[in-house]
*Asks:* 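The structure under discussion is supplied below as C-alpha cells; questions concerning it will follow.
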Amino acid sequence: GDGGIGGNGASGGNGGDGGTVSIQCKNCPTLRGLINNSIIIKNYGGYAGQGGDGGNGGSAGIGPLKDGHRGKRGMAGKEGADGKNGAIHFLSN
C-alpha cells in the first residue's frame, strides 16, 4: 500500500509589539537635537516566528507484484507577523 501523508507544520508565532518610550526634560530646549547624536533610541517590534516544516510522508509498502508509493510531505506552516514598532514621545516643558 501507499504511505500516509505527512503532518502539516505548525504556524509561527507573532513577534511582540515594541513599547512606549517617553522622554521629558524641563531644562532641555534642544532635546530633539540630541537624538541620534548623544541619545540613540531603538524601539522595534519583535521578529515573526517561522512556520514549522511539514512532516515526511510515510514509507511505501512493499508487495510481491508491485510496491506502493511513498506518502506526500505535509505542508509547511505559515510564518507569523512581525510586531509593530513602539512609539517615542518627547515632552519639554
Side-chain angles (χ1 to χ4, degrees):
D2 294 339
I5 297 173
N8 294 335
S11 297
N14 294 336
D17 293 341
T20 301
V21 176
S22 296
I23 300 174
Q24 183 173 1
C25 183
K26 293 183 180 183
N27 298 321
C28 300
T30 61
L31 181 61
R32 288 184 188 263
L34 295 174
I35 302 302
N36 292 328
N37 290 322
S38 299
I39 301 172
I40 298 173
I41 300 171
K42 296 180 181 180
N43 194 4
Y44 302 125
Y47 295 112
Q50 294 180 338
D53 292 335
N56 292 326
S59 299
I62 299 173
L65 300 177
K66 181 179 177 185
D67 292 343
H69 296 93
R70 182 172 181 84
K72 294 182 181 180
R73 184 175 182 87
M75 296 179 65
K78 295 179 182 178
E79 292 189 11
D82 285 336
K84 296 177 182 175
N85 290 340
I88 301 171
H89 300 285
F90 300 100
L91 308 168
S92 57
N93 296 339

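Keep in mind that this is a model prediction, so the values were computed, not measured. Heads up: numbering here begins at 1 and tracks the sequence.
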*Asks:* Suppose we screen for side chain to side chain contact (heavy atoms under 4.5 Å, CB included). Which residues come up paired with N14, at least two apart in sequence or across chains?
*Replies:* A81
*Asks:* Which pairs pass side chain to side chain donor-acceptor pair (under 3.5 Å) with one or both residues in residues 55-69, sequence neighbours excluded?
*Replies:*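 Sorted pair list: D2-H69, N56-R73.
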*Asks:* Looking at E79 and Q50, what are the two nearest heavy atoms and their distance?
*Replies:*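 Minimum heavy-atom contact is CG-CA, 4.2 Å.
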*Asks:* Listed by chain and number, what are the side chain to side chain contact (heavy atoms under 4.5 Å, CB included) partners of K42, not counting sequence neighbours?
*Replies:* I40, Y44
*Asks:* Taking all atoms of both residues into account, what is the closest heavy-atom pair of A48 and G80, and its distance?
*Replies:* CB-O, 3.0 Å
*Asks:* Would you say N8's side chain and G54's backbone share a donor-acceptor pair under 3.5 angstrom?
*Replies:*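 Checked: no pair found.
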*Asks:* Treating D82 as the side-chain partner and G15 as the backbone partner, does any N or O pair qualify as donor plus acceptor under 3.5 Å?
*Replies:* no
